[in-house]
Amino acid sequence: QKEVEQDPGPLSVPEGAIVSLNCTYSNSAFQYFMWYRQYSRKGPELLMYTYSSGNKEDGRFTAQVDKSSKYISLFIRDSQPSDSATYLCAHAGGTSYGKLTFGQGTILTVHP
Amino acid sequence: DAGVTQSPTHLIKTRGQQVTLRCSPKSGHDTVSWYQQALGQGPQFIFQYYEEEERQRGNFPDRFSGHQFPNYSSELNVNALLLGDSALYLCASSSTTSAPYEQYFGPGTRLTVT
């Protein structure tokens with residue numbers, strides 16, 4: 001079993017839709033959860049960063065962590081074509097110190 | 001404020017050769033991590049450097065080695081290249097005085113081994 005499981009998609013939605021991206025993880029020791037966005041042929045860009053359980057909102061993006069079910073979500077409201085990218089979830093913490101463990105990434109396309 | 005920079009952008013090497021990739025961290029950051037990203041996969045942690053020492057290492061063979069310099073910049077060296085080493089190599093920087101898990105990535109070096 002992979003440490004972080006993420007559906008690779010691809011996911012295609014119309015402009016303006018609400019997008020839900022999800023990951024599951026296996027080790028409950030992890031406390032820090034991140035979402036990165038990666039455009040084609042670019043490095044990952046940090047979108048959201050949360051600690052432990054709960055929600056965090058930043059503009060059109062909301063990150064949600066449910067530690068009881070080991071579930072991480074990213075919601076994108078009013079999606080735009082510029083949101084088309086690969087979205088990577090990651091976690092860290094416990095004894096892993098500075099090591100980030102990533103999911104496979106979900107390819108998202110928002111069409112006009 | 002310059003972000004994380006990496007050089008070169010692209011590199012083509014032959015099996016058995018050696019390669020050195022370079023990274024300059026974001027201003028104010030003192031920690032550098034290296035990741036390997038194969039096509040269609042998420043990045044995989046290679047190792048992390050802080051205070052010029054390797055602090056943590058992922059599941060990569062000893063052919064992968066690194067170095068951090070006093071100015072916090074870093075190098076990744078790969079010896080005896082294999083076809084399977086073809087990937088995007090990403091450098092990420094962070095600060096131990098703020099959030100160590102808040103890592104910022106460079107654009108990567110795309111290595112092709114033929």
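First the proteins, then the strands, lettered A, B, ... as listed; each starts at 1. Keep in mind that what you see is a predicted model, and the values were worked out from it rather than measured. These numbers come from the heavy atoms of this one structure, side chains and all, not from hydrogens, waters or symmetry mates.
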- For B/Gln37, is it the side chain, the backbone, both or neither that has a heavy atom under 4.5 Å from a heavy atom of chain A? side chain
- Mind ranking B/Phe47, B/Tyr35, B/Tyr104 by heavy-atom pairs under 4.5 Å with chain A and telling me who comes out on top? B/Tyr35
- Task: Go through the atoms of B/Arg57 and report whether side chain, backbone, both or neither lie under 4.5 Å from a heavy atom of chain A.
- Result: neither
- Assert yes or no for the condition that the ring centre distance of A/Tyr25 to A/Phe33 is strictly below 6.0 Å. yes
- Query: Judged by modelled atom types alone, do A/Asn22 and A/Ser73 share a side-chain donor-acceptor pair under 3.5 Å?
  - Reply: yes
- Plane angle bin for A/Phe102 and B/Phe105 - parallel if under 30°, tilted between 30 and 60°, otherwise perpendicular: perpendicular
- Item | B/Lys13 bridged to B/Asp85 by N-O distance under 4.0 Å | no
- Item | Residue part contacting chain B, namely of A/Pro8, when any heavy atom lies under 4.5 Å | neither
- Item | Contacting region of B/Tyr50 [heavy-atom separation from chain A under 4.5 Å] | neither
- Side chains of A/Thr62 and A/Arg77: do they bring a donor and an acceptor to under 3.5 Å? yes
- Query: Between the side chains of A/Asn55 and A/Glu57, is a donor N or O closer than 3.5 angstrom to an acceptor N or O?
  - Reply: no
- Task: Measure distances from A/Tyr36 to the heavy atoms of chain B and classify the residue's part below 4.5 Å as side chain, backbone, both or neither.
- Result: side chain
- Item | Which atoms of A/Gln6 approach chain B - backbone, side chain, both or neither, heavy atom under 4.5 Å | neither
